[in-house]
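Some notes on the structure that comes next.
Sequential numbering from 1 along the given sequence is applied to the chain's residues. Ligands are counted one by one from 1 in listed order, and the atoms in each one are counted from 1 as well.
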Amino acid sequence: MAPMYTEKVLEHFRNPRNMGEIEDPDGVGDVGNPVCGDLMRITIKVDDDTETITDIKFKTFGCGAAIASSSVVTELVKGKTLLEALEVSNKTVIEELGGLPPVKVHCSVLAEQGIAAAIKDYYGRRPDKQIPPQVEEKLRKLQDIDPHEIAPA
Ligand code: FES
């Protein structure tokens with residue numbers, strides 16, 4: 001039988017990057033999949049002038065694929081601007097992991113949702129800044145995903 005997970009997934013699961021929680025975050029994204037019950041918290045530090053993510057950590061109560069997806073997504077968005085980070089999709093996460101089994105695709109969606117939620121929270125804490133339309137657009141798109149469609153089989 002072919003192995004279920006790529007070596008990269010297993011490596012991130014065993015040695016997750018940026019795990020934990022930033023003490024004084026500029027944005028927090030709390031997301032969960034109501035079907036499998038897995039939860040993810042993303043905390044970010046943002047440079048207000050450049051709107052760049054200077055630090056990011058994750059805490060995931062979930063399966064190995066969710067932990068590997070969280071780990072990879074933190075590496076992908078660290079150093080990016082908020083709008084660049086918003087463009088990182090679950091497909092990018094899956095590509096970076098070298099693939100995920102179809103029943104585990106929803107775990108990567110959780111990572112995409114976590115980043116978007118943290119970015120929205122950042123703007124919510126900065127009344128002096130206007131929330132870019134791309135943020136609302138992305139959240140709407142992610143909200144439209146039926147959790148049952150991305151639920152584990
Ligand atoms: Fe639900 Fe992986 S996040 S099983």
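- Considering only non-hydrogen atoms, atom 1 (Fe) of ligand 1 lies nearest to Cys36 out of Gly32, Cys36, Gly64.
- Every side-chain contact (heavy atoms from CB on, under 4.5 Å) that Lys78 has, sequence neighbours left out, goes to Asn18, Asp55, Ile56.
- One finds no salt bridge joining Glu87 and Lys80 here, because no Lys/Arg side-chain nitrogen approaches an Asp/Glu carboxylate oxygen to under 4.0 Å.
- Between the SG atom of Cys63 and the SG atom of Cys107, the angle taken at atom 2 (Fe) of ligand 1 works out to 100° after rounding to 10°.
- Counting atoms of ligand 1 from 1 in the listed order, those under 4.0 Å from a heavy atom of Ala66 are 3 (S).
- Residue contact check: Asp38 has heavy atoms under 4.0 Å from atoms 1 (Fe), 2 (Fe), 3 (S), 4 (S) of ligand 1.
- Listed by atom number, the atoms of ligand 1 under 4.0 Å from Lys104 heavy atoms are 4 (S).
- Other residues sharing the hydrophobic cluster of Leu39, ordered by chain and number and joined by side-chain separations under 4.5 Å: Phe61.
- Between Glu51 and Lys129 a salt bridge is recorded (basic side-chain N to carboxylate O distance below 4.0 Å).
- Checked by atom type, the side-chain pair Tyr5/Glu11 shows no donor-acceptor distance below 3.5 Å.
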